[in-house]
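Heads up, the thing below is written out as structure tokens.
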Amino acid sequence: MRFIARLAIVPLFLFICGCGSGSNQVGPDLTLTSGNWQVNMISTTNLGAVGSGGMSLSQTGTSVSGIMHLVSPPCFTPLSGINVNATVNGPTLQLTASTATGQTISVTATGSATSLTGSYTLGGTNCPQDQGAFTAILVPSATGSWHGTLTSTAGGPATQVTAMLTQSGPDAQGFFSVSGTVTLSGSCLSSGTVGGLAIGAGYALIVTPPSGEPVAISGAMTDPATANAFSGFYSSIASTCTDSGTASLTRP
């Protein structure tokens, strides 16, 4: 029972050619922070189309690698990881990614250790040609103490939440794991251990009590840059406590 909310892509390159005496690198090499990155892509070919996803990212020297998962466009399957390769040249980076079935993504951008902006092109087998602007931002780990409320849409009592979470990874598929304990009070929902996955700003958690049915909580960090506030939905189908509604959690 894994509910995965996700989003995708980042990193890039820019080759600057000098004149007269030869080519020159401008500025120090860009050093990206390894971890979980959220990406949004806004098409300039198909106005109104927005792609999103997430990726694990690591850098060694001038080489950058990772695994990406895209929620959209529709020619990509979110659960299928896309291998990413990129090269840093000075303050810029160029990324290329392709799938075994022929879809391709190219991204070029500049930025900082935790934020990138630039442009992308998209195409390949069974994937419409597209291009546009993108932003990519590092999402800090969710490790820490969280507090908040589950608000029932069925008119039931609000549930107070206290969670102690630990985030680790990425795994071989590029997902980050979330574990810990969740205390639920004020309603019929039961406390338990938590397990889940994260990619980009999206998180999907399952709270499993010692007995009874689990509670699923899924959603996204409202500000990926700080990752201190989470908003989403929850659902429980336990025979003694059927409930669903919205979830809102924060940490100091």
Side-chain angles (χ1 to χ4, degrees), residues 1-8 35-38 52-56 67-71 77-81 139-224 226-252:
M1 287 187 292
R2 292 186 171 181
F3 294 71
I4 305 174
R6 46 263 205 216
L7 320 129
N36 180 26
W37 287 70
Q38 160 73 20
S52 62
M55 68 177 292
S56 60
I67 300 178
M68 180 188 344
H69 293 269
L70 290 177
V71 175
T77 302
L79 290 178
S80 298
V139 183
S141 170
T143 296
S145 177
W146 291 79
H147 303 272
T149 304
L150 305 182
T151 303
S152 174
T153 55
T159 303
Q160 300 305 310
V161 182
T162 299
M164 292 296 298
L165 303 180
T166 299
Q167 182 172 317
S168 60
D171 61 17
Q173 288 73 47
F175 291 107
F176 293 81
S177 298
V178 180
S179 60
T181 59
V182 174
T183 301
L184 304 176
S185 60
S187 72
C188 60
L189 299 176
S190 299
S191 304
T193 58
V194 63
L197 297 176
I199 189 69
Y203 283 74
L205 308 176
I206 301 295
V207 181
T208 304
S211 61
E213 294 296 323
V215 177
I217 303 173
S218 62
M221 298 296 180
T222 56
D223 179 8
T226 61
N228 286 330
F230 170 92
S231 180
F233 302 90
Y234 77 95
S235 178
S236 170
I237 58 173
S239 59
T240 57
C241 185
T242 300
D243 193 20
S244 62
T246 59
S248 179
L249 304 173
T250 60
R251 63 175 170 179

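Please read all numbers here as calculations on a predicted model, not as lab measurements. Residues take their numbers from the sequence shown, with the count starting at 1.
- Applying the side-chain hydrogen bond (donor to acceptor under 3.5 Å, both in side chains) rule to pairs touching residues 173-190 yields Thr159-Ser187, sequence neighbours excluded.
- With hydrogens and angles ignored, the 3.5 Å screen pairs a side-chain donor or acceptor of Thr143 with a backbone N or O of Gln167.
- With contacts defined as side-chain heavy-atom distances shorter than 4.5 Å, the pair Ile206/Pro214 qualifies.
- Every residue two or more places apart in sequence or in another chain that forms a side chain to side chain contact (heavy atoms under 4.5 Å, CB included) with Ala154 is listed here: Ser152, Asp243.
- His69 is listed as a side-chain neighbour of Phe175, based on a closest heavy-atom distance under 4.5 Å.
- The OG1 atom of Thr151 sits 11.5 Å away from atom CZ of Phe233, with the distance rounded to the nearest 0.5 Å.
- For the pair Leu150/Val161, a side-chain contact is recorded, criterion being any heavy-atom separation below 4.5 Å from C-beta on.
- Annotation: side chain of Tyr203 is in contact with side chain of Val178 (closest heavy-atom distance under 4.5 Å).
- A 4.5 Å side-chain heavy-atom check between Ser244 and Thr153 finds at least one atom pair inside the cut-off.
- Between Ile199 and Leu197, every side-chain heavy-atom pair lies at or beyond the 4.5 Å cut-off.
- To the nearest 0.5 Å, the span separating OG on Ser236 from CG on Leu189 amounts to 5.5 Å.
- Among residues two or more places apart in sequence or in another chain, the side chain to side chain contact (heavy atoms under 4.5 Å, CB included) test is passed with Ser231 by Thr222.
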